[in-house]
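Ligands are counted one by one from 1 in listed order, and the atoms in each one are counted from 1 as well.
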Amino acid sequence: MERVYNFSAGPSQLPLSVLEEAQRDMVNYKGTGMSVMEMSHRSKDYEGIIYGAEALIRELMNIPENYEVLFLQGGASTQFAMVPLNLFKNGKADYVVTGQWAKKAAQEAGRFGTANVVASSADKTFSYIPKLDKAAFTPDADYFHITHNNTIYGTKWNTLPEVGNVPLVADISSDIMSEALDVSKFGILYAGAQKNVGPAGLTIAIVRKDLIGDAMSICPTMLSYKTHAEGRSMYNTPPCYSIYISKLVFEWVKNMGGVAELEKLNKAKAAVLYDFLDNSSMFRGTVVKEDRSLMNVPFITGNEELDKKFVAEAKEAGFVNLKGHRTVGGMRASIYNAMPIEGVQSLVNFMETFEKNNK
Ligand SMILES: *Cc1c(COP(=O)(O)O)cnc(C)c1O
């Protein structure tokens with residue numbers, strides 16, 4: 001079997017052992033005589049999967065009792081609407097615009113109230129996390145929103161904004177379970193599964209319980225956190241198979257030693273690539289050092305033709321999906337939890353050779 005090193009930003013590489021386990025159980029899940037896709041979500045077997053997945057994510061992320069863990073659909077993009085629909089009372093929220101996803105989140109909230117942009121890094125193609133001026137914060141904001149890791153531009157928040165009693169809401173689509181997070185500092189955390197957890201189709205929302213139950217009157221039933229909290233994520237049919245695969249990934253994370261161990265590994269992986277970029281005379285990273293993401297690493301040669309040649313030759317050599325986002329150009333290596341350090345080291349070796357051959 002030929003597997004490539006897949007540096008896709010999402011959907012992205014999954015651990016091989018997870019895919020193999022799913023393959024073994026594909027047509028007959030643990031003696032049930034059927035696949036997980038064919039099972040009633042109300043069955044005992046499926047309850048074991050969904051509640052098992054919830055227990056694992058609670059354990060791995062150390063989620064306090066006063067938070068709900070919801071398995072939803074619609075992607076992180078639907079959370080851009082669910083957050084304001086469920087949290088707006090004064091109809092005001094603060095947003096920091098650190099990239100396209102943050103901008104889209106703010107725009108969507110603006111449909112239901114006032115999304116005040118307190119800071120932006122658009123002036124330098126989102127290559128840094130802006131400094132915040134508390135004087136710009138809305139005192140009676142219903143929440144304060146950040147994108148914790150910026151998938152497209154490769155920045156991340158290393159220090160959380162000080163928001164006092166205003167609930168902090170964070171999009172963690174591309175860095176969930178990549179490093180230890182103190183969940184209690186947040187009102188809501190949300191993530192589409194397809195970057196660091198599992199297949200597309202599942203969206204995870206971790207919501208402080210006191211923020212549930214007072215949605216705007218126009219909020220559709222399916223977009224209310226209360227609906228899904230009361231239904232334990234089975235108000236309607238959940239994305240059953242995506243939840244099953246995610247549970248296998250959570251088991252894999254646990255076997256790897258948990259999130260703290262993965263954080264160490266992710267730091268080591270990122271260091272291999274950033275150290276190379278800092279010392280290369282051909283390649284360089286596009287982000288200021290202090291705000292670099294551990295998950296998404298954009299880089300360029302400064303020459304578009306050379307970038308194209310690199311992406312094409314890398315693909316030939318088994319390093320795929322390295323083309324950068326169209327708004328940044330160049331390359332981007334997404335090195336999520338499932339990317340082994342050998343993959344990053346092999347990529348760096350390949351880059352070294354490419355640099356020598358193209359001087
Ligand atoms: C991919 C991504 C999104 C969009 O996710 P969907 O699940 O496709 O809606 C939103 N925010 C961030 C940070 C992302 O990386």
Side-chain angles (χ1 to χ4, degrees), residues 6-14 70-85 93 95-111 115 120-122 125-130 143-158 160 168-179 181 186 188-206 222-223 228 233 238-239 241-243 245-246 249 266 287 291-298 321 323-328 332-339:
N6 181 3
F7 294 91
S8 169
S12 42
Q13 182 166 316
L14 287 166
L70 305 176
F71 294 138
L72 308 171
Q73 304 191 55
S77 302
T78 298
Q79 293 308 303
F80 298 169
M82 270 179 88
V83 168
L85 281 167
Y95 280 77
V96 185
V97 173
T98 51
Q100 283 197 18
W101 296 120
K103 189 173 164 201
K104 283 191 174 155
Q107 279 170 345
E108 190 69 7
R111 297 166 58 91
S120 164
S121 48
T125 327
F126 301 115
S127 56
Y128 68 105
I129 299 288
Y143 61 91
F144 190 107
H145 183 282
I146 60 170
T147 309
H148 196 255
N149 182 77
N150 295 284
T151 323
I152 296 175
Y153 302 96
T155 60
K156 76 160 176 135
W157 289 81
N158 283 310
L160 295 177
L168 183 60
V169 175
D171 179 350
I172 53 168
S173 291
S174 49
D175 66 335
I176 182 170
M177 288 194 187
S178 67
E179 58 180 320
L181 260 194
F186 299 88
I188 298 179
L189 292 162
Y190 64 84
Q194 69 274 19
K195 312 277 167 59
N196 216 11
V197 165
L202 168 65
T203 308
I204 296 167
I206 301 165
M222 274 296 289
L223 298 189
H228 299 285
S233 298
Y241 200 77
S242 296
I243 292 170
I245 297 284
S246 299
V249 173
N266 287 330
V287 166
D291 298 328
R292 284 168 163 177
S293 167
L294 296 178
M295 297 282 100
N296 311 98
V297 183
N321 287 317
K323 191 171 184 297
H325 191 270
R326 60 189 183 280
T327 59
V328 185
R332 171 178 48 169
S334 293
I335 49 176
Y336 297 119
N337 282 349
M339 174 62 67

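At the shortest separation from atom 15 (O) of ligand 1 among protein heavy atoms lies Thr151 OG1, 2.4 Å. Counting protein heavy atoms only, atom 11 (N) of ligand 1 is closest to Asp171 OD2, 2.6 Å. For atom 14 (C) of ligand 1, the nearest non-hydrogen atom of the protein is Lys195 NZ, 2.9 Å. Among protein heavy atoms, atom 5 (O) of ligand 1 sits closest to Ala76 CB, 3.6 Å.
Checking side-chain atoms of Ser293 against main-chain N and O of Met295 turns up a donor-acceptor pair under 3.5 Å. Asp291 contributes a side-chain N or O that, together with a main-chain N or O of Ile129, makes up a donor-acceptor pair within less than 3.5 Å.
Set against the non-hydrogen atoms of Ser173, the atoms of ligand 1 under 4.0 Å away are 11 (N), 12 (C), 13 (C), 14 (C), 15 (O).
For Tyr153 and Thr327, the side-chain atoms include at least one donor-acceptor pair closer than 3.5 Å.
Partner Thr155 forms a side chain to side chain donor-acceptor pair (under 3.5 Å) with one of Asn150, Thr98, Thr147 and no other, that one being Asn150.
Scored by the side-chain hydrogen bond (donor to acceptor under 3.5 Å, both in side chains) test, Asn337 finds Asn266 as partners (sequence neighbours excluded). Under the rule for a side-chain hydrogen bond (donor to acceptor under 3.5 Å, both in side chains), Ser233 has no partner lying at least two apart in sequence or in another chain.
Residue-to-ligand polar distances place Gln194 within reach of ligand 1: an N/O pair is separated by less than 3.5 Å. Note: no N/O pair closer than 3.5 Å links Gly75 and ligand 1 by distance alone.
Using the six-membered ring where Trp is involved, His145 and Tyr190 have ring planes that are tilted, between 30° and 60° apart.
Only the side chain of Thr147 comes within contact range of ligand 1, with a heavy atom under 4.0 Å; no backbone atom does. Counting heavy atoms under 4.0 Å from ligand 1, residue Ser77 touches it through both backbone and side chain.
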